[in-house]
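Just so we're on the same page: letters track the sequence lines, and every chain starts at 1.
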2 protein chains.
Amino acid sequence: MTPPTGTLTAERILEATEEVLRRHGPAKATVVDVARALGVSHGSVYRHFRTKAALREAVTKRWLDRTSQRLAGIVSMAGSPEERLRAWLAALFDAKRHKAGDDPELFATYTVLTDENVAAVAEHIEELTGQLTRIIEAGAEAGTFAVPDPAPVARAVFQATGRFHDPCYARDWTSPGIDEEFTAVVDLLVRGLSSPSQ
Amino acid sequence: MTPPTGTLTAERILEATEEVLRRHGPAKATVVDVARALGVSHGSVYRHFRTKAALREAVTKRWLDRTSQRLAGIVSMAGSPEERLRAWLAALFDAKRHKAGDDPELFATYTVLTDENVAAVAEHIEELTGQLTRIIEAGAEAGTFAVPDPAPVARAVFQATGRFHDPCYARDWTSPGIDEEFTAVVDLLVRGLSSPSQ
DNA sequence: GGAATGACAGATATTGAAATCTGTCATCCG
DNA sequence: CGGATGACAGATTTCAATATCTGTCATTCC
């Protein structure tokens, strides 16, 4: 399928694996398929990834990192902490909603992968709450947020908005009232964060 | 198994069905099993429930209603609206956590059932957010909560606490920090609800 | 010598035939 | 006559044989 351009690298294997997962789905995507797509023997794939699980974990991490990187930009954007917080949460919701809506089959595939790789997801959540913490810290320093310890509050905000980013709610993301629900939750959280004097 | 005491009633069928589900699990619990447990032919069960799905839906509703009824008491309890709100959310979390922790297999069974009966779950959530709305209304009337329209805010509170009552998070309910997380989210929400003057 | 191969053993998935279940209904029983 | 029965057709599940896959490693190739 893909011509054997250049040497076999982890990067090329990951790309081929994504393609195989896209084509065959998570249940039928095999290491043999990946090797076939690359025009090599499956033994060669095992030189770069110790097990099939490790290969799938690497693919999962790549996929999650793409979201993290997109959101990282918002953390250091212009605007007040409240604006950035709202923008960040909206961007997270938007990213997830589009992933789920634009290609439901691929999203289902990655949902299977994330269920298999709880540790990778935990890391991803760690990264995201870290970003949130930096926004909330900025608000605390500016005095607009009355928050003594930003990290646990960031986690609370992340958890409280789970309905708008956790894949287990993906089926609700096309409901008509979902945007109003999102706004209602975010408004409530921002009010809870905000310093009374502000 | 159960002797044919009295006449065959929907109630007795539901009890037998719960027992069969408890024993065999959701995948292997059949209408024939239920009939056998009652000492009747499976045709008789179909006199009371049109389909197997209808029977399972009825069982699901009973199970969900038990939780609703337990929480209903808290709505009209003594105490300030904030106290009642906190107590209600804590009781919901506690009820779910115990259901999941005390008998994980039975909880898994009912998780399958609720996944099958999205409509029954929607009704249940409607009932629960209704209870929440009444607590928040009381707070709005008392002036402790600054909430123009309690119903959507009640839904926001319910959704924001999903991590502490939605079965899809059941695996996290035994984590060590979970109580602190619960408190952090509830504190944030209560602050968001509270009137600044209060 | 370092990377790639493919044969291999054990684990996992697929398949199709047989068994069981769901839902109906003509019949039976009190 | 109203409720219970059990035989039945079609749908679903189970089970065991068969095929495929995973992961290893001695061998090959550049």
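- Although no hydrogens or angles enter the test, the distance criterion places a donor-acceptor pair under 3.5 Å between the side chain of B:T51 and the main chain of B:A54.
- A:W63 and A:V112 end up in different hydrophobic clusters when Ile, Leu, Val, Met, Phe, Trp and Tyr side chains are linked at under 4.5 Å.
- In summary, the side chains of A:T30 and A:D33 do present a donor paired with an acceptor at a separation below 3.5 Å, with no hydrogens or angles considered.
- Across all strands, A:V31 comes closer than 4.0 Å only to sugar-phosphate atoms, never to a base (heavy-atom distances).
- Spacing between atom CG of A:L8 and atom P of C:dG2 amounts to 18 Å, rounded to whole angstrom units.
- The backbone N or O of A:A140 lies less than 3.5 Å from no partner atom in the side chain of A:T144, so there is not a single donor-acceptor pair.
- A:A154 and A:L132 get closest at one heavy-atom pair: O-CD1, 3.5 Å.
- Residues satisfying the side chain to side chain donor-acceptor pair (under 3.5 Å) criterion with A:R134, sequence neighbours excluded, are absent altogether.
- Among the heavy atoms of the strands lying under 4.0 Å from B:S44 is at least one base atom, whether or not backbone atoms are also near.
- Think of the region where chain B sits on DNA chain D: with heavy atoms and a 4.0 Å cut, that region ends 5' and 3' at D:dG3 to D:dA7.
- DNA chain D is contacted by no residue of residues 106-118 of chain B, taking any non-hydrogen atom closer than 4.0 Å.
- Between B:L38 and B:E15, the closest side-chain pair of non-hydrogen atoms is not below 4.5 Å.
- Comparing A:H42 and A:K28 along DNA chain C, the residue whose closest nucleotide (by nearest heavy atom) sits nearer the 5' end is A:H42.
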Contacts table for residues 118-126 of chain A: side-chain donor-acceptor under 3.5 angstrom, sequence neighbours left out:
from: A:H124; atom 1: NE2; to: A:L64; atom 2: O; distance (Å): 3.3
from: A:H124; atom 1: NE2; to: A:S68; atom 2: OG; distance (Å): 3.3

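- For the segment residues 45-57 of chain A, residues with any heavy atom less than 4.0 angstrom from an atom of DNA chain D are, sorted by number, A:Y46, A:T51, A:K52.
- With sequence neighbours excluded, no residue satisfies side chain to side chain donor-acceptor pair (under 3.5 Å) with A:E137.
- Counting only heavy atoms from C-beta outward, the side chains of B:I178 and B:R97 approach each other to under 4.5 Å.
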